[in-house]
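The structure appears right after this line, and notes come after that.
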Amino acid sequence: MSNATVADFDQQIKRNALEARAAQGASALTEIGAGADVPIAIIMRNDLVQLEIMRAAAQAGTIIVAVNWHAAVEEVVAICDDSGAQFVIIHRDLVDALQFALGGRKVIAVTPGPKLCAAYRIKAEALNDDYIEWCDLVDAQGPLKNRELMRPLMRYTSGSTGAPKGVRRLGSGARKNFEDILRRVGEEMMFLKSNSRFFTAAPIYHSAPSTLLSAALVIEDVSIFVAPKFEPREFLATIEAQKITHIYLVPTMMSRMLKLPEDVKEHYDLSSVEYCVSTGSPWPHDLKVAMIDWWGPVFWESYGATEIGFMTMASSSDALAKPGTAGQMQMGCTVLILDEDGNKLPAGKVGEIHARMDAFGGFTYSNDPDSRQASEKHGHFSVGDLGWLDEDGYLFITDRKKDMIISGGANIFPAEIEAVLMRAPFVRDVAVFGAPDPEFGEQVVAAIEPNDGWTPDKAEVMDFLTQKLARFKHPRLIDFHVSLPREDSGKIFKPRLRAPYWENSGRKI
């Protein structure tokens, strides 16, 4: 019998016990009408119960729609309506703030454990008790007799218009058992094997950590640990205590660990670590070198997109030999570098990156199929970035074509923020863009042209955004302008606004 376990900071169970609970959970989902091909929204922080729900959904063929628990009411409504999710599983402390979004839907609640509550300072009175508990539903069921094939997860990523777009898998990614694809990710890209021990503190609602966790969950004899949130010392202590071998981190987390005092960093035994992967946001070369010097050559970087999957991998030796590379293509991915007319460019020439990865299957946007077609050339999809390939087939990213901000690994789209701010009666015009941030990679800046008769007030701007946008999308810097610069076409000239912030940063993204 396997000794592999699954754990958060509140509880730990054996892998076979998790699968048994998941089989009951799959039966519960089917019983309430949330079975095969039915979307359910998950609004939860990291905990073991969420992993149980993920496995239950896999066995029932349910489609998980992961929702950022920071999301505002309007955002949750938009995602649930677009995906068709009439079932919502949510932590109890998040219920009250989202009551309007939950109206008319079948809600199942999960009580957060004591350590999760402590991590987020959740008080007992914040735990809404209006809805049935997930564990009570599970306890009342036997295991599902006729297991379904696992369906791909449905992820939301904003497009250039700023409206949320649901990525639905098509083709092989939808027809085949998605567990087979995840197994390939786990074995070929994560190098997971029997007795590996995977750990992350990254939020599971994000595409990359949820996919990597899902991959670890389909490989037998792999132990899995999730932290409720990232805290540098606690993270290092867990690596030592649990003898962690495989880790998912993002550059923001690495930066915070590197800032610890030297005696603290030297205190923990990290020799068990064999593999650590980062995705989602630019990883500065000096930060990468510092981590390799500290932990050794265990680091890998992956470049990908929610629509396509993990496209490249770069090892520690790749990073040192070819500074700035995002690595080579993986799992049959092909990349084309195209000019503005769609012509293929030779090695060394910068152009727009288009990629194709059949392993995950094709995709469409649930609410905007036309933009999916508009982004495709030569059978490859534009990921919105500019870059080049060297003679050895290594990819380098030089800039982003899409007007996107990546802060702490999260994609933030200025058009979405601008659309909300333009609803404010005191705003005549607005431009949102990213500025460099030493910890999060980028921070959100809002350049606002005030309406006549309004005395600019940053606090009033922030108050207006409350309940309309998740807090991580709120601008950290607000600048007021008499008038915003515009091109002849009428479009705001963002490069002119953006340039002063980046000119001394030594980078473009």
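Just so you know, residue 1 is the first one in the sequence shown, and it goes up from there.
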> Got N68 and Y156 here, is their nearest side-chain heavy-atom distance under 4.5 Å?
Replying inline: no
> Could you state the interatomic distance from CD (E231) to CE (M257), rounded to the nearest 0.5 Å?
Replying inline: 11.0 Å
>> Assess whether a salt bridge exists between R55 and E19, defined as any Lys/Arg side-chain N lying under 4.0 Å from an Asp/Glu carboxylate O.
In response: yes
>> Going by side-chain contact (heavy atoms from CB on, under 4.5 Å), name the residues that satisfy it together with V444, two or more places apart in sequence or in a different chain.
In response: I405, I412, I417, V432, P475
> Roughly how far apart are D136 CG and I108 CD1, rounded to 0.5 Å?
Replying inline: 11.0 Å
> Is a salt bridge present between E220 and R183, judged by a nitrogen-to-oxygen distance below 4.0 Å?
Replying inline: yes
>> Is the shortest side-chain heavy-atom distance between F87 and T62 below 4.5 Å?
In response: no
>> With a 6.0 Å cut-off (strictly less than), is the heavy-atom count around CZ of R105, excluding the residue itself, greater than 12?
In response: yes
> When you look at NZ of K243, are more than 12 heavy atoms from neighbouring residues, nucleotides or ligands closer to it than 6.0 Å?
Replying inline: no
> Under the side chain to side chain donor-acceptor pair (under 3.5 Å) test, which residues partner D37, sequence neighbours left out?
Replying inline: R151
> R45 pairs by salt bridge (charged side-chain N to carboxylate O under 4.0 Å, His left out) with which of D8, D93, D10?
Replying inline: D93
> Does the side chain of Y275 reach to within under 4.5 Å of the side chain of V298, using non-hydrogen atoms?
Replying inline: no
>> Quick test of your reading: applying ring pair (Phe, Tyr, Trp, His ring centres under 6.0 Å), list the pairs with at least one residue in residues 90-147, sequence neighbours left out, ordered by first then second residue.
In response: W69-Y120
>> With a sphere of 6.0 Å drawn around CG of N146, does it hold more than 12 non-hydrogen atoms of other residues, nucleotides or ligands?
In response: no
>> Can you list everything that forms a side-chain contact (heavy atoms from CB on, under 4.5 Å) with E262? Sequence neighbours excluded, please.
In response: K265, E266
>> Regarding E234 and K115, does a basic nitrogen lie under 4.0 Å from an acidic carboxylate oxygen?
In response: no
>> Give me the atom names and distance for the closest heavy-atom approach of P438 to S255.
In response: O-OG, 3.9 Å
> So E442 and R476, salt bridge (charged side-chain N to carboxylate O under 4.0 Å, His left out) or not? Walk me through it.
Replying inline: CA-CA 10 Å; E442 285 185 275; R476 296 182 65 187; over 6 Å; no
Could you give the side-chain donor-acceptor pairs of residues 206-216 under 3.5 Å, partners two or more places apart or in another chain?
residue, atom, partner, partner atom, Å
S210, OG, R155, NH2, 2.2
S210, OG, H206, O, 3.0
S210, OG, S207, O, 3.0
T211, OG1, S207, O, 2.8
S214, OG, S210, O, 2.7

>> As an exercise, state the distance from CH2 of W300 to OG of S317, rounded to the nearest 0.5 Å.
In response: 7.0 Å
> For V250, what residues pass the side-chain contact (heavy atoms from CB on, under 4.5 Å) criterion, not counting sequence neighbours?
Replying inline: Y248, T252, M253
> Should E179 and R147 count as an ion pair when the cut-off is N to O under 4.0 Å?
Replying inline: yes
